[in-house]
S.K.: 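Sharing a structure below in structure tokens format, with a few things to ask.
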Amino acid sequence: MTIYSKLNSTLNTLDGVLADFKEIQLETSDNEIKKKFYSMIKLTDDIINKLSVRLECIQKEESQYKEK
Amino acid sequence: MPDYLQIALRALISYIFLLLLTRLMGKREISQLTFFDYCVGITIGSITSIMSTETSTGWYNILPALIVFGLLQIITSYLSMKSKVFRQIMEGKQNVLIRNGRVLEKNMLKSRINTDELLSKLRQKNAFKIADVETAILETDGKFSVQLKSNKQPITPYMMNIKTQYNGLPALVIEEGKVSGENLKNMKLTRSWLMSKLAEQGIYDISNVMLAQVDTSGNLYMDLYNDSDNKPNKSQSKELILAKLEKIKTDLNTYSLDTDNEDAKKLYKECEASTKVIINQFKKYMNQQS
């Protein structure tokens with residue numbers, strides 16, 4: 001598999017984890033826990049954004065490579 | 001034997017013969033029906049009903065009529081394949097009613113289509129303005145084909161020079177609780193890949209899955225028999241989240257080692273470090289829960 005599809009797959013897993021975090025945060029009634037997840041969610045979101053940018057770069061590079 | 005029993009038996013026999021015949025005749029007969037095909041269809045139906053109910057003569061005397069009609073249909077469709085002239089005799093020719101945006105009155109007269117009918121058929125193909133139509137053809141089965149002028153056609157990615165990701169035929173890999181090995185093979189996937197994808201969603205038992213479909217990008221859609229099972233119980237999903245996080249960390253490490261690009265290396269290492277932090281925080285949360 002190409003690096004594009006591997007990174008894409010990792011990003012999908014990250015999206016899933018982010019959704020799981022948000023779900024737990026929503027369902028709990030404990031405010032302490034809600035706060036804890038806030039930081040985990042922010043970190044995960046950050047990673048997703050950085051990797052998405054990198055993924056776009058890779059996509060451009062790979063399509064140029066295919067054209068050659 | 002009493003009459004009603006005899007007719008019941010004849011009906012059963014006729015049903016079976018009709019089924020055999022129509023399976024032999026194939027799908028084409030049903031899809032592209034010229035008026036003639038349609039009439040032959042009705043005739044075959046008629047013969048079958050007579051075969052079931054006409055007690056003045058044996059069913060074996062009527063069966064030949066059924067076979068002759070069916071065979072002739074098969075033979076003529078075979079011959080139509082081989083000879084264009086024969087095809088035109090049997091099916092007629094398509095008739096172009098609008099060409100280059102202009103209505104051809106002579107051809108309309110040939111097919112005996114009036115303008116009301118023409119406009120109605122165009123509207124059925126979503127062409128409300130004749131000005132938008134480039135070509136309109138009356139096909140041999142009586143259906144209309146409409147080609148819109150090029151500037152009235154909907155935009156495609158090709159026109160905008162947008163590159164799209166390949167999107168091919170998706171495969172149904174699980175049907176009614178059973179894995180289709182052939183469909184998996186067609187997509188070049190393995191059973192173990194499928195099991196790991198299911199495990200990601202917390203499904204360990206295939207017989208619980210009604211449908212699972214994979215597209216050409218590798219995405220898996222699944223539907224379970226017991227819909228309340230779609231949410232695995234909470235303790236199981238926490239282990240799963242942790243497992244996913246560990247996998248993400250390992251993947252990022254691999255990417256940083258695989259790439260030659262210094263900036264990319266740095267990026268992956270940063271993300272890996274962040275992931276470690278998340279893992280620690282999540283582990284603390286898990287310990288507090290138990």
Side-chain angles (χ1 to χ4, degrees), chain A, chain B residues 162-166 188 193 196-197 200-202 216-220 231-232 234 237-256 258-261 263-286 288-289:
Chain A
M1 285 204 294
T2 64
I3 178 68
Y4 176 82
S5 52
K6 284 193 219 165
L7 187 57
N8 198 17
S9 166
T10 305
L11 262 170
N12 282 338
T13 316
L14 271 163
D15 283 332
V17 169
L18 184 66
D20 289 333
F21 284 169
K22 285 185 178 165
E23 193 187 325
I24 298 180
Q25 190 192 44
L26 210 69
E27 287 186 347
T28 185
S29 42
D30 186 340
N31 277 328
E32 285 296 319
I33 297 182
K34 278 196 206 277
K35 270 192 227 154
K36 287 199 175 94
F37 272 93
Y38 182 73
S39 97
M40 286 192 253
I41 289 173
K42 183 127 197 337
L43 280 169
T44 314
D45 199 43
D46 206 39
I47 299 178
I48 291 178
N49 288 336
K50 289 194 180 134
L51 290 176
S52 299
V53 172
R54 179 71 200 147
L55 188 71
E56 257 186 63
C57 271
I58 295 178
Q59 185 180 36
K60 287 200 184 99
E61 282 172 23
E62 282 192 4
S63 67
Q64 278 176 352
Y65 177 75
K66 276 191 194 126
E67 266 163 44
K68 277 193 183 145
Chain B
I162 296 179
K163 289 240 155 61
T164 57
Q165 230 181 15
Y166 173 70
K188 303 207 174 69
W193 175 90
S196 67
K197 274 296 219 185
E200 270 176 33
Q201 306 268 357
T216 44
S217 309
N219 301 317
L220 180 74
K231 287 210 175 349
K234 282 298 170 187
S237 62
K238 285 201 202 83
E239 324 289 82
L240 228 86
I241 295 176
L242 193 63
K244 287 189 205 177
L245 284 167
E246 298 281 0
K247 181 168 194 303
I248 291 168
K249 189 186 82 172
T250 317
D251 283 345
L252 289 168
N253 191 21
T254 312
Y255 300 155
S256 75
D258 281 345
T259 186
D260 292 326
N261 181 333
D263 286 326
K265 261 202 216 286
K266 208 174 94 170
L267 176 76
Y268 290 134
K269 282 218 185 293
E270 276 172 16
C271 291
E272 190 191 337
S274 275
T275 312
K276 280 195 194 144
V277 172
I278 298 175
I279 291 179
N280 287 335
Q281 290 182 342
F282 191 71
K283 278 190 182 159
K284 276 196 204 140
Y285 159 73
M286 276 175 74
Q288 285 183 332
Q289 292 298 96

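By convention in this document, chain letters (A, B, ...) are assigned in the order of the sequence lines, proteins followed by strands, and residues within each chain are numbered from 1.
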S.K.: If I measure from the heavy atoms of chain A, does B/Thr254 come under 4.5 Å with its side chain, its backbone, both, or neither?
M.R.: neither
S.K.: Quick check for you: to the nearest 0.5 Å, what is the distance between A/Ile58 atom CD1 and B/Thr259 atom OG1?
M.R.: 7.5 Å
S.K.: Checking heavy atoms, do the side chain of B/Ile278, its backbone, both or neither come under 4.5 Å from chain A?
M.R.: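 Answer is both: backbone and side chain atoms of B/Ile278 are under 4.5 Å from chain A.
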S.K.: Quick one: side-chain contact (heavy atoms from CB on, under 4.5 Å) partners of B/Asn280, sequence neighbours excluded?
M.R.: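 Listed in chain order: nothing, the list is empty.
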S.K.: Give, for atom CD of A/Glu23 and atom CD1 of B/Ile241, the distance between the pair rounded to the nearest 0.5 Å.
M.R.: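 CD1 of B/Ile241 is found 8.0 Å from CD of A/Glu23.
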S.K.: Please report the interatomic distance CG(B/Asp251) to NZ(A/Lys6), rounded to the nearest 0.5 Å.
M.R.: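 Between B/Asp251 CG and A/Lys6 NZ, I get 9.0 Å after rounding to 0.5 Å.
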S.K.: Considering heavy atoms only, which positions within residues 38-47 of chain A lie below 4.5 Å of chain B?
M.R.: A/Ser39, A/Met40, A/Leu43, A/Thr44, A/Ile47
S.K.: Determine the minimum heavy-atom distance between A/Leu7 and B/Tyr268, stating which atoms define it.
M.R.: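 It is CD2-OH, 4.0 Å.
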S.K.: Would you compute the distance between atom CG of B/Leu242 and atom CG of A/Asp20 and round it to the nearest 0.5 angstrom?
M.R.: 12.0 Å
S.K.: Given that the side chain runs from C-beta out, which part of B/Asn219 has a heavy atom under 4.5 Å from chain A: side chain, backbone, both or neither?
M.R.: side chain
S.K.: Determine yes or no for a side-chain-to-main-chain donor-acceptor pair under 3.5 angstrom, with B/Tyr285 supplying the side chain and A/Phe37 the backbone.
M.R.: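 Side chain of B/Tyr285 to backbone of A/Phe37: no pair is present.
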S.K.: Considering only residues two or more places apart or on different chains, which pairs with a residue in residues 55-65 of chain A satisfy salt bridge (Lys or Arg N to Asp or Glu O under 4.0 Å)?
M.R.: none
S.K.: Return the set of residues passing side chain to side chain donor-acceptor pair (under 3.5 Å) with B/Lys276 (not counting sequence neighbours), or none when no residue passes.
M.R.: none
S.K.: How about A/Lys50: does its NZ atom have over 12 heavy atoms from other parts shown lying under 6.0 Å from it?
M.R.: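 More than 12 within 6.0 Å, yes.
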